[in-house]
Amino acid sequence: SQKIEQNSEALNIQEGKTATLTCNYTNYSPAYLQWYRQDPGRGPVFLLLIRENEKEKRKERLKVTFDTTLKQSLFHITASQPADSATYLCALDMGSGYSTLTFGKGTMLLVSP
Amino acid sequence: EAGVAQSPRYKIIEKRQSVAFWCNPISGHATLYWYQQILGQGPKLLIQFQNNGVVDDSQLPKDRFSAERLKGVDSTLKIQPAKLEDSAVYLCASYGGGQETQYFGPGTRLLVL
């Protein structure tokens with residue numbers, strides 16, 4: 001079965017810096033890889049989706065890269081703000097057509113002023 | 001557009017009791033998911049419906065958990081009898097309508113004493 005690893009420790013950075021979160025997976029490359037944000041007491045919120053034939057995707061201050069050779073995705077938040085503090089989840093969709101997702105444990109990001 | 005609705009938001013029960021959670025997905029979404037999220041972990045898929053049929057229930061502990069989506073709209077998840085290790089947040093999500101990804105509800109936080 002697919003195993004997903006995200007940064008195990010919380011990531012602490014200073015406001016204005018770029019945060020980089022890592023998602024590594026084993027076995028087969030997914031058809032789609034997604035990133036979600038989760039705040040305490042709330043459900044995950046979708047941020048970005050990248051397809052297996054895409055190298056990079058951007059949305060405002062967010063950037064996701066996908067390297068199927070390394071079996072890795074990197075998630076970047078540029079010019080980070082305290083409001084970016086949350087847990088970020090990586091999720092794999094193997095392309096069944098039903099958007100069936102397997103989630104990683106998530107990485108907690110803390111942005112200090 | 002209304003989001004995914006879940007109730008109750010919180011529930012405290014004693015072990016061996018039964019409990020039920022309710023989910024109403026986004027209108028028009030054919031696919032509905034129930035996830036279990038234990039503290040510090042990512043969401044784990046329990047069961048996935050396409051309309052009123054089950055697509056995947058491979059990780060549902062069927063000796064104690066059951067779920068139904070009789071009319072292909074709202075859904076209930078039941079635990080009977082509950083164990084201490086069932087303490088978690090139960091998330092409902094829906095997908096469809098040409099959207100790119102799943103939309104999550106706020107979750108039901110269950111504590112089993």
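In what follows, every heavy atom counts, from backbone to side chain, and hydrogens, waters and symmetry copies are set aside. Here is the naming used below: chain letters follow the sequence lines, and residue numbers restart at 1 for every chain.
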Starting from B/Leu84, can I reach B/Ile12 by hopping between I/L/V/M/F/W/Y residues whose side chains sit under 4.5 Å apart?
no
A/Glu60 atom CD, over 12 foreign heavy atoms within 6.0 Å
no
Joint hydrophobic cluster, B/Ile79 plus B/Val89, side-chain heavy atoms closer than 4.5 Å:
no
Over 12 non-hydrogen atoms of neighbours within 6.0 angstrom of NZ in A/Lys57:
yes
Heavy-atom neighbours of A/Lys105 NZ exceed 12 at 6.0 Å:
no
Structural part of B/Gln50 lying under 4.5 Å from a heavy atom of chain A:
side chain
Chain B heavy atoms under 4.5 Å from A/Ile4: which part of the residue, side chain, backbone, both or neither?
neither
Write down the atom of A/Gly43, the atom of B/Leu91, and the distance for their closest heavy-atom approach.
CA-CD2, 3.9 Å
Heavy-atom nearest pair, A/Leu89 first then B/Gly42, reads CD2-CA, 4.1 Å
Point-to-point distance, once rounded to the nearest 0.5 Å, from OG of A/Ser99 to CD of B/Gln48
7.5 Å
Between A/Thr102 and chain B, with a heavy-atom cut-off of 4.5 Å, which part of the residue counts as in contact: side chain, backbone, both or neither?
neither
Do the side-chain N and O atoms of B/Glu100 and A/Gln34 include a donor-acceptor pair separated by under 3.5 angstrom?
no
Examine whether an atom of B/Gln6 lies under 4.5 Å from a heavy atom of chain A, and if so say whether it belongs to the side chain, the backbone or both; otherwise answer neither.
neither
A/Glu15 atom CD: more than 12 heavy-atom contacts under 6.0 Å
yes
What part of A/Gln6 gets within 4.5 angstrom of chain B, counting heavy atoms only: side chain, backbone, both, or neither?
neither
Is the CG atom of B/Leu39 crowded by more than 12 outside heavy atoms at less than 6.0 Å?
no
Please evaluate residues B/Tyr33 and A/Leu101 with respect to the criterion side chain to side chain contact (heavy atoms under 4.5 Å, CB included), reporting the C-alpha separation (whole Å), side-chain torsions for both, the decisive distance (0.1 Å), and the verdict.
CA-CA 10 Å; B/Tyr33 315 79; A/Leu101 297 178; over 6 Å; no
Near B/Lys71 NZ, under 6.0 Å, is it more than 12 heavy atoms from other residues, nucleotides or ligands?
no
B/Gln102 and A/Tyr36: CA distance, side-chain angles, deciding distance, side chain to side chain contact (heavy atoms under 4.5 Å, CB included) verdict
CA-CA 10 Å; B/Gln102 299 181 23; A/Tyr36 286 76; 3.9 Å; yes
Close aromatic pair by centroid cut-off 6.0 Å: B/Phe104 and A/Phe46:
no
For A/Tyr32, is it the side chain, the backbone, both, or neither that has a heavy atom closer than 4.5 Å to a heavy atom of chain B?
neither
Is there a path from A/Ile77 to A/Leu74 through hydrophobic residues (I, L, V, M, F, W, Y) whose side chains come within less than 4.5 Å of each other?
no
